[in-house]
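These notes concern the structure reproduced below.
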Amino acid sequence: MLHLLGVNLPDQKVVSVALTYFYGIGPLTARKICSQLSIHQQCKLSELTEGQLNQVSGVLSGMTIENDLKRQVAANVQHLRRIGTYIGKRHAMGMPVHGQNTRNNSKTAKKLNGRMLRRYSTTTNTAFNLQALGVLRSPLSKGL
Amino acid sequence: MMRTNRISGTIAQKAKRILVNGTVSGATTRSLSTTRAALGQKAPNEARAEARAFTQKERGVKSARSGTATVVNLEDANPEYYSSPPNPTGLLSLNAKTATYSNTNRFMQLDEGFLRNLGKSVYPGNLASDFKMFGRPALLYRDGTNDLVQQLLTKRAEKGSSKASVIDGKAGTGKSAELLKLAAVGASSDYLVIYAHSTFPWVDSSRPYAPGSDGTMYVQHELTMELMKTIHGMSKTALAKVPLGKEISFGKRSLGSTMTLLDLVDFAVKVPSVSQDALDHLLEIASKQTEVPVLIAVDDVNTLWTNTLYRDQNDAILPASRLRLPSSFRPFFDGEKAVERGWVVGATSYKRSLFMPQELNSKLHPAPKVPVANPVLAQDPTLAKDTAEAAEANRLSFDVIALDRMSTAETWALMNFYHKVSVISTPVTDALVAKKWVTASGNPREMFNSVTSYF
């Protein structure tokens, strides 16, 4: 196993597949990285030279992946919540965000949405939000 | 009080001695581990280890299993089902002397030296499985093969540039096999053979590539070096006869004009980074000289015009024209370059349709031109017309040698050979040959598949 930028990558996988093990890199981005560094499609991670590995590290360091990306996404959701948008409220309620029906299904949204908000207390103190959400104020929030 | 204290002090001293020495006269003590051993108890860690529901496998590189998974002791095996691999004897070796009309419809074995230079188990097309079944690499010397060999010998005697030729036919008709036989005959005579047995690895992004010095073209040093090794092995004598004629420099190292092509190829094999430049020089010098006949044989020649699976640094698909290795051979088939003495021959392949360009396919197999009777439709500009311009646009820059189906005599020879190498156990009769020929439409691959379908 190759340890690169905090992620264990399987040696025997093709490079374009192994790069998808990073949070924030999918098949398209992985293919673009391989094209940029002239790594052929069937090249396995164990076949890369040290210079090529350094080049891959360099490219990945310049991208927003892993914890940086998670932080960015969480900050985006918190911003939407803070400014009181509809999307922010849906995240806070743990409901679907993109206009899906909630009469049935919406299990994934209920499970996953708003997880970035649960760790952090909401400091928004507008009467509208409190009335709309009907949530209890946390002891840390400022009084009205 | 004093007495009690004295007694307790004595006891404490005894206890201390026990703890330090482990034994006191008349009394023995054991350590905890010794006690356990005496009682036959196991250490808690060992007991816990044995109590696991699974065992952790050792981590390591998984090695792929090769060959058969079942090992059979042939001494005890039933001879009806298990037999040693066939070893057909009496096969002639295919070379310039045996490649004559008298040996038509006869199976001939490829030279071991030729195969060694080609590489271990590197056979074009589906021939690897065929040779494994036969027990040795043997091919049928057909009428078509004899025609090709005669053409090769004719071009050897002639001087003057001639058009390239491409062997074309349906999948499984034996195009790759014909090219392999031609290369074997050329290598056994005094030809300078440049034989690319498969060009799919050149375009399917399975081998390393790198941007060239100019930035627009891309090089494949590993593949080029392998090709140079093959050329070195097949045509050592012919390469040594051709002088370079000019000084060639590769950075700090240069080759003098008195050196030969053999030195150039040697250098390219030792220094892979200059192998592409060396190949270009080799093709240029070999094509212009007339001392030694040159045979350039390229299998899967359609890959020279296709889009590859490689991508450039902007993630755009690379056409074969932007790879230096296919681009080295393409001018010979486009009519831009020619060999002064010798022959340039290629063979198409329909094995991977991804690498058969539509334009080339339509030129090789043009749609039948039917005269349009309706005068209104005849004026439609979108309909393909049989005009001189259309003919010029569809004209190919090389000659096409159509490889047709096998004749019944060739099918008979094929079936006889299959019977000899135990591929078929039934005796060969007219009825069997006719049945196989009709059901397979004379296609050798389909005939082979029909007799091995239960293997």
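In what follows, chains are A, B, ... by sequence order, proteins preceding strands, each numbered from 1. Quick note: numbers below take in every heavy atom, side chains included, and nothing from hydrogens, waters or symmetry partners.
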Expected output: side-chain Q313(B) to main-chain L37(A) donor-acceptor under 3.5 Å: no
K270(B) atom NZ, over 12 foreign heavy atoms within 6.0 Å: no
Whether over 12 other heavy atoms sit under 6.0 Å from K170(B) NZ: no
N54(A) atom CG, neighbour heavy-atom count above 12 within 6.0 Å: yes
Over all atoms of both residues, closest heavy-atom pair of S38(A) and A210(B): CB-CA, 4.4 Å
Atom group of Y209(B) that falls short of 4.5 Å from chain A, counting heavy atoms: both
Neighbour count >12 (heavy atoms, 6.0 Å) for atom CG, N8(A): yes
Rounded distance (nearest 0.5 Å) linking atom CG of D204(B) with atom CD of Q42(A): 5.5 Å
Point-to-point distance, once rounded to the nearest 0.5 Å, from OG1 of T308(B) to NE2 of H40(A): 13.0 Å
N/O donor-acceptor pair under 3.5 Å between S35(A) side chain and R311(B) backbone: no
Within 6.0 Å of NE2 in H3(A), more than 12 heavy atoms from elsewhere: yes
Residue pair R31(A), D315(B): steps toward the side chain to side chain contact (heavy atoms under 4.5 Å, CB included) verdict: CA-CA 8 Å; R31(A) 196 193 75 197; D315(B) 201 36; 2.5 Å; yes
Exceeds 12 heavy-atom contacts within 6.0 angstrom, atom NZ of K70(A): yes
